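Quick caveat: nothing in here was measured; it's all calculated off a predicted structure.
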Protein chains: 2
Amino acid sequence: MQGLVRQSLTGQNRGNGPASPPEHPLQAGPAQAGLTLDSALDGRGPLFDQIKRAVAGQILRGRWQTGQRLPNEAELSSLYGVSRQTVHKAIALLAREGFLVRRRRAGTFVATGRRDRFALPIEDIGDVVAREGRVYEFRIRDRKSLRNGEGIRWPDLPDGTPILALECLHFSDGTPIQHERRLVNLDVVPEVVDESFDVVAPSRWLVDRVPWSSADHTVRAVNATAEMAALLGVEAGAACLSIRRQTMHLSRPVTLVHFLSVGDRFSLSGSSITDSATELNL
Amino acid sequence: MQGLVRQSLTGQNRGNGPASPPEHPLQAGPAQAGLTLDSALDGRGPLFDQIKRAVAGQILRGRWQTGQRLPNEAELSSLYGVSRQTVHKAIALLAREGFLVRRRRAGTFVATGRRDRFALPIEDIGDVVAREGRVYEFRIRDRKSLRNGEGIRWPDLPDGTPILALECLHFSDGTPIQHERRLVNLDVVPEVVDESFDVVAPSRWLVDRVPWSSADHTVRAVNATAEMAALLGVEAGAACLSIRRQTMHLSRPVTLVHFLSVGDRFSLSGSSITDSATELNL
DNA sequence: CGAAAGATTATGTACATACCTTTTCGCCGA
DNA sequence: TCGGCGAAAAGGTATGTACATAATCTTTCG
C-alpha cells in the first residue's frame, strides 16, 4: 500500500509527461465520515505545500474553527496518505506563520486572533521611486564628522563616540519627497568617511555593506516646520510622515535615521506578511 | 566516528545531568585551515539552531561577506559534524529569513541587501492602549446598513452589495486618539447585524470571528479636517496618521477601515521581522 | 568552432526510524 | 478528597537513505 501511494504521488507532483489527473489516495478508501472529500490534495507542487494548502483551506473555509484542535500528526499522516515528517513539516510551517499553535501533548490548535500579525514593509525610497517609473535623485545637503554629545546627541550611543552626520534630500522626478537626517557610528563603519556619496545614496551604501542584525522603527505624523516646509516645497504645517529607524549590529548601534516625507507625495503600503496566504491564494 | 559524534551531541544538547562542557568534534580533528575555531557550536538548544547561530554569526561578523558562496551542505555537514539534513534545515531556515539565497547546482550565497525586509507590525488600538496601562474606551458614533454605491462606495465591491457602515471613536484615558470609519461586507459576515458592539469593539469582534487570508494596508500622513479636528480634540490642520486597511477572505473583501489618529498621541513602532536576529541576539 | 547531448553537482523533497521532551490524565494511596 | 506519581500521548529533533530537479560543466560530433 505504502509503495503504491508513493508511486502515484511521485508521478503526480512533478508533472513530467502529459499531466495525469491527480489521484487522491483517500477517495478510494472506505467512507471516512465526511473527511474524505475535504482532505483532497490538489497535486500541485511539493507534498508538504499541498498539505499546507489543504489545512489552511479547512481553516479559512471555517471547517476548522479558531481554537479547535486538529487531528494529531499521525492521524493527518494517514488521512492524507503521507508520512508523519511531511505532515510535521507542513504543520510546523503553518504554526510558524501564525495559523496554528502547537503544544506538546496537548495538540495543535487553530490560532485565535492573528491581530498582531499585520505588518508593513518599509522600503528604500530609491527603490520605491524607481518602481513607480520615476527618476530618482538625491542631494547631500550637509556632512560633518563630530563626536556624540557635541551639538547632536544619539541617545543609545556613549558620549564622545565619533559619528558622521549627514543631511540629504530625495527627489522623485525633480520634486522633493523626502528629507533624511542620518547619524552613522564611525566606530562600527570607519570606511564611511572615505565615501563621497556622489553616486550611491547613504542608505543604499550602508545596507549593501553593513550587515545588520536588528532594526527598530517608529512612524509618526508631524506638521512640517517652516524650515522643512521650505526644503520640501510645501507650506508650513503640512502633514508629513516621520520615520525613525535605528539599526543595530552585534548589539551596537550602526545608524540612526530620521526620514521626513510629504504626506501627499509618499505613503507606506503593503500586504500582510503571512506568505502562505499569498502562496495559497485562496 | 559517526556514532561517537552523535553520542556526544545527544549528551550535550539536552542538559540532563550536570551540564557537561560542550565538546566540539572538530577541534579534535586535524588542522582545518582556520575553519576549526570559527565552526564551534555553542551547545545550547537544538543542533539546527546551533548551526543557524554559527552561520549567521559568520555572516554578521563579516567573515562571510555578502554575495560570497558558502560551503555546500555536504561540506558544512562534515565541518560541523552533523548530518546533511540538519544542515539543510538550518540553512533553509536562514534562507527563508532572508540571510541567504540558494540556487540549485549553483550553491548558497550570503544575501545582498535585506533592504525590503524591514517591517512594521500594526496592532489593534485596544491592545496598544491596554499595554500602556491606560484605560481604553470606544464609542459608536454612527451605524447604518446600506447598499454599496448608495452614498458610500467601496471600490473593490460590486455595487448593490449590502454593507454595514460604522463610525466610532477610540479613547485612551478619556482622550480621543483614533477615529474609525469601517465598512463590513454583509454578504460575508451577515451575523454582524445582530451585534450591538456595546462591549466589544468592531475590530476586535471581527478579528475574533472572521478568518482572513490577506490584508493590505496604506499608511499616510494627512492634515485633520475641521470636522475630524473637532472630534479628536485638536486644532484643524493637525498632522494625523491615516491607516487604510482592507481585509480579504477567500478573495472576497470582508472589511474596509480608515483609521485616523492624532500624530502626537499615536505612533507605529516595531523591530525588524527576522526572528533569527532575536533568537541569535548577536 | 559551435551547438547539442550527456555527466556532474548542489539543492529539494520524501520516507522510515529512533529517541527525546513536555504535558496531561488517571490511578493510587494517604 | 486531595496530592503526588507514573504512564501515555503528542509534538520535536536527528539520522540514514533515496531519488528528483535544476544548473553548470564537459564532451562529442556535425
Side-chain angles (χ1 to χ4, degrees), chain A residues 1-17 25 41 43-53 55 69-96 100-109, chain B residues 1-17 25 41 43-53 55 68-96 100-109 279:
Chain A
M1 165 73 188
Q2 207 45 322
L4 187 97
V5 171
R6 182 169 178 183
Q7 282 233 347
S8 86
L9 289 172
T10 314
Q12 162 186 355
N13 292 329
R14 339 263 166 245
N16 37 356
L41 302 181
R44 282 180 294 134
L47 266 183
F48 74 87
D49 258 350
Q50 299 183 43
I51 309 272
K52 273 182 68 178
R53 272 196 299 276
V55 171
R69 177 172 164 177
L70 265 65
N72 68 33
E73 292 189 355
E75 286 164 338
L76 287 174
S77 148
S78 70
L79 179 63
Y80 289 115
V82 301
S83 70
R84 176 162 91 93
Q85 305 81 283
T86 304
V87 167
H88 176 75
K89 184 171 183 179
I91 299 294
L93 285 170
L94 283 174
R96 177 172 283 259
L100 302 173
V101 174
R102 316 197 77 187
R103 275 165 42 222
R104 281 180 176 161
R105 166 61 177 153
T108 303
F109 303 85
Chain B
M1 167 70 190
Q2 207 47 321
L4 187 98
V5 172
R6 183 170 176 184
Q7 283 236 342
S8 87
L9 289 173
T10 313
Q12 163 187 352
N13 293 328
R14 339 262 167 245
N16 36 357
L41 303 181
R44 283 179 294 132
L47 267 182
F48 75 87
D49 257 349
Q50 298 182 45
I51 309 273
K52 274 182 67 179
R53 270 197 301 276
V55 171
Q68 188 176 337
R69 177 172 165 180
L70 265 63
N72 67 34
E73 293 188 354
E75 286 165 337
L76 287 174
S77 147
S78 71
L79 179 63
Y80 290 117
V82 300
S83 71
R84 176 165 91 91
Q85 300 80 312
T86 304
V87 166
H88 176 75
K89 182 170 185 182
I91 299 295
L93 285 170
L94 283 173
R96 179 171 280 263
L100 302 172
V101 174
R102 317 199 76 187
R103 273 165 43 221
R104 280 180 177 163
R105 167 61 177 153
T108 302
F109 304 86
E279 289 165 15

Between the CD1 atom in A:Ile91 and the CG atom in A:Asn72, the distance rounded to the nearest 0.5 Å is 10.5 Å
Between atom NE2 in A:His88 and atom C1' in D:dA10, what is the gap in whole Å?
-> 11 Å
Among all residues two or more places apart in sequence or in another chain, which pass the side chain to side chain contact (heavy atoms under 4.5 Å, CB included) test with B:Gln85?
-> B:Ser83
Atom-to-atom span, OH of B:Tyr80 to P of D:dA14 - whole angstrom | 15 Å
How do A:Gln85 and B:Pro71 order along DNA chain C: which one's closest nucleotide is nearer the 5' end?
-> B:Pro71
Pairing residues for B:Arg84 by the side chain to side chain donor-acceptor pair (under 3.5 Å) criterion, not counting sequence neighbours | B:Glu73
Rounded to whole Å, the CG-P distance (B:Leu94 to C:dG12) equals 13 Å
Given DNA chain C, 5'-ward residue of the pair A:Thr86 and B:Glu73, judged by closest heavy atom = B:Glu73
What's the spacing between A:Arg96 CZ and B:Arg96 CZ if we round to 0.5 Å?
-> 8.0 Å
With the side chain defined as heavy atoms from C-beta on, A:Arg102 is closest, among D:dG11, C:dT11, D:dT13, to D:dG11
Separation of D:dG12 atom P from A:Leu100 atom CG, nearest Å, is 11 Å
Measure the shortest side-chain to side-chain distance between A:Arg102 and A:His88 over non-hydrogen atoms and say whether it is less than 4.5 angstrom.
-> yes
Let me know the distance between CG of A:Leu93 and C1' of D:dG12, rounded to the nearest Å.
-> 14 Å
Just how far, in rounded Å, is C1' of C:dA14 from NZ of B:Lys89?
-> 15 Å
Separation between CG (A:Asp49) and CG (A:Leu41), nearest 0.5 Å, reads 11.5 Å
Round to the nearest Å and state the distance from A:Glu75 atom CD to D:dA9 atom C1'.
-> 11 Å
Euclidean distance, B:Ile51 CD1 relative to B:Lys89 NZ, rounded to 0.5 Å = 12.0 Å
Report each atom pair, protein N/O against N/O of nucleotides 23-27 of chain C, whose distance is under 3.5 angstrom.
from   : atom 1 : to       : atom 2 : distance (Å)
C:dT24 : OP1    : A:Arg103 : NH2    : 2.7

Rounded to whole Å, the CZ-P distance (A:Arg84 to C:dA16) equals 12 Å
B:Pro46, nearest nucleotide to its side chain (from C:dT13, C:dT11, D:dT13) | D:dT13
